[in-house]
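No hydrogens, no waters, no symmetry mates; every other heavy atom, side chains included, goes into these values. Starting from 1, each residue takes its place in the sequence as its number.
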Amino acid sequence: LRNFRQFDLGSQELHDVALRANWLIGPRVDLSLAVRYEIRDFRASYGVTDSRVAEISLDTSIQISPRLTGYGFASFDWRDRRMASINGATNLGRDSTDFRAGSARFPLSNRWTWDSDSRGITLGAGLTAQPHEGLELRADYRFQRSHEVVDTDFDRTGGALTLLSVAADAPSRFPTLRQVDHVVDASVAYHWTDAITTRVFYRFQYSTINDFQQQGLQPVVNHNLYLGHVDDDFAVHVIGATVRLRY
């Protein structure tokens, strides 16, 4: 499909609006707000056509004592991404040498569109303590939840579907993809000098995944290997250490 090709990847129109604000609420509490909205037009009828992004985040910190600080954060993001294409003809039109949209090789009745709408929310809180000079303790918890909905549109009398597909059964909206993450981080750092810092950390993550695309799959179909694994709920423990040098 010749109209799918875009020779200049930088040929796009972008509108980006951002708002940032900070407040000091008393001598021990501060609050910050960030809002952003983006519209990106790729100036293309096929392939990725356009996308939109909206983000909002709120952060706060509380000076509980000279050596103890608490903090919290929350964010929400929304992303919409759209694309379009045309399936090639499966009849005599496939012999055509005209690769433009609307030709016998790529009839407009074979056109289809895809729209992904994803949303995510993050909530978290933590503490940072300095029991004595040079020692820093940190612990926080983060909750993340995201889901994606995919809508499609096509001419059910055309050739957007494969020969083995039944037009009446083809969905215009797919089941929602969902993922939930719980993340706990803890670390102990010691600043030996202004240039040398060592850190020992522990991280635990527990995630649940609900992906309809990977349910009921058979790894081998007609002797062809499609998937060697299927994503599932998981738990991960990570223990490590780092050394930071500044010069």
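Across all non-hydrogen atoms, the minimal contact from S45 to R111 is O-NH2, 3.8 Å. Annotation for S109 and D155: closest pair O-CB, 3.6 Å, computed over non-hydrogen atoms. In this structure, N22 and S32 approach most closely via the heavy-atom pair OD1-CB, 3.1 Å. Across every non-hydrogen atom of A104 and A89, the tightest pair is O-CB, 3.5 Å. Heavy atoms only, all atoms of each residue included: F106 and L1 are closest at CZ-N, 3.3 Å. Of all non-hydrogen atoms in I86 and W112, the two that sit nearest each other are N-NE1, 4.4 Å.
Between atom CZ of residue F201 and atom CZ of residue R138 there is a gap of 14.0 Å, rounded to the nearest 0.5 Å. Rounding to the nearest 0.5 Å gives a distance of 15.5 Å between CG of L19 and OH of Y37. Taking CE of M83 as the start and OG1 of T152 as the end, the distance is 12.0 Å to the nearest 0.5 Å. To the nearest 0.5 angstrom, T69 atom OG1 is 3.5 Å from Q63 atom CD. The CG atom of D151 lies 6.5 Å from the OG atom of S172; values are rounded to the nearest 0.5 Å. One finds the CD1 atom of I56 at 5.5 Å from the CG atom of L33 (value rounded to the nearest 0.5 Å).
Side chain of N3 to backbone of A101: a donor-acceptor contact under 3.5 angstrom is found. In terms of modelled atom types and a separation under 3.5 Å, the side chain of R81 and the main chain of S116 share no donor-acceptor contact. At distances below 3.5 Å, not a single donor-acceptor pair connects side-chain atoms of D140 with backbone N or O atoms of G126.
In this structure the side chain of V184 never reaches within 4.5 angstrom of the side chain of Y206, judged on heavy atoms. Proximity of R28 to S65: side-chain heavy atoms (C-beta onward) are nowhere separated by under 4.5 Å. No side-chain heavy atom of E13 sits under 4.5 Å from any side-chain heavy atom of F42. In this structure, E38 and V17 have side chains that are not in contact, with every pair of non-hydrogen atoms separated by 4.5 Å or more. Considering only heavy atoms from C-beta on, R142 comes within 4.5 Å of F73 through its side chain. Between I196 and L245 the shortest side-chain heavy-atom distance falls below 4.5 Å. Between V180 and S207, every side-chain heavy-atom pair lies at or beyond the 4.5 Å cut-off. Using a 4.5 Å heavy-atom threshold, the side chains of Y71 and T128 count as touching.
A donor and an acceptor atom, one from each side chain of H191 and T197, are located under 3.5 Å apart. No side-chain N or O of W23 forms a donor-acceptor pair with one of D30 less than 3.5 Å apart. In summary, the side chains of H237 and Y202 do present a donor paired with an acceptor at a separation below 3.5 Å, with no hydrogens or angles considered. The closest side-chain donor-acceptor pair between H132 and Q130, if any, does not fall under 3.5 angstrom. No hydrogens or angles considered: a donor-acceptor pair under 3.5 Å links the side chains of D117 and W78. Between the side chains of T113 and D153, no donor N or O sits under 3.5 Å from an acceptor N or O.
Ion pairing between D98 and R100 holds under the 4.0 Å rule for side-chain N and carboxylate O.
Counting non-hydrogen atoms of neighbouring residues, nucleotides and ligands closer than 6.0 angstrom, the CG atom of D16 exceeds 12 such neighbours.
When ring centroids are compared, W192 and Y190 come within the 6.0 Å threshold.
Clustering ILVMFWY residues whenever any of their side-chain heavy atoms sit less than 4.5 angstrom apart, transitively, puts V188 in a cluster other than the one holding L127. The hydrophobic clustering, which links ILVMFWY residues whose side-chain heavy atoms are closer than 4.5 Å, places V238 and V243 apart. Hydrophobic clustering keeps V149 apart from F174 (ILVMFWY residues linked when any side-chain heavy atoms are closer than 4.5 Å, directly or through intermediates). Using a 4.5 Å cut-off between side-chain heavy atoms of Ile, Leu, Val, Met, Phe, Trp and Tyr, with links allowed through other members, L58 and I62 fall into the same hydrophobic cluster. Side-chain heavy atoms closer than 4.5 Å link hydrophobic residues (I, L, V, M, F, W, Y) into clusters, and following such links, even through other members, never connects L68 to L137.
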Yes or no on side chain to side chain contact (heavy atoms under 4.5 Å, CB included) for I209 and D232, after CA distance, side-chain angles and deciding distance? CA-CA 6 Å; I209 301 173; D232 202 350; over 6 Å; no

Check the pair R203 / V183 against side chain to side chain contact (heavy atoms under 4.5 Å, CB included), numbers first and verdict last. CA-CA 7 Å; R203 181 174 188 176; V183 182; 3.4 Å; yes

Quick one: do R199 and E136 satisfy side chain to side chain contact (heavy atoms under 4.5 Å, CB included)? Show the steps, please. CA-CA 9 Å; R199 183 183 301 271; E136 180 181 305; 4.3 Å; yes

Could you walk me through whether Q12 and R40 satisfy the side-chain hydrogen bond (donor to acceptor under 3.5 Å, both in side chains) test, starting with their C-alpha distance in whole Å, then the side-chain angles of each, then the deciding distance to 0.1 Å, before giving a yes or no? CA-CA 7 Å; Q12 55 184 267; R40 192 182 297 266; 2.5 Å; yes

Stepwise, does the side chain to side chain contact (heavy atoms under 4.5 Å, CB included) test hold for S75 with I121? CA-CA 6 Å; S75 67; I121 185 173; over 6 Å; no

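Ring pair H182/Y141 is parallel by interplanar angle, where below 30° counts as parallel and above 60° as perpendicular.
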Mind listing the side-chain donor-acceptor pairs of residues 48-55 below 3.5 Å, one per line with the distance, residues two or more places apart or on another chain?
{"unit_1": "T49", "atom_1": "OG1", "unit_2": "R82", "atom_2": "O", "d": "3.1"}
{"unit_1": "D50", "atom_1": "OD2", "unit_2": "R82", "atom_2": "NE", "d": "3.0"}
{"unit_1": "D50", "atom_1": "OD2", "unit_2": "R82", "atom_2": "NH2", "d": "2.7"}
{"unit_1": "R52", "atom_1": "NH2", "unit_2": "D80", "atom_2": "OD2", "d": "3.1"}
{"unit_1": "E55", "atom_1": "OE1", "unit_2": "R36", "atom_2": "NH1", "d": "3.2"}
{"unit_1": "E55", "atom_1": "OE2", "unit_2": "R79", "atom_2": "NH2", "d": "2.8"}

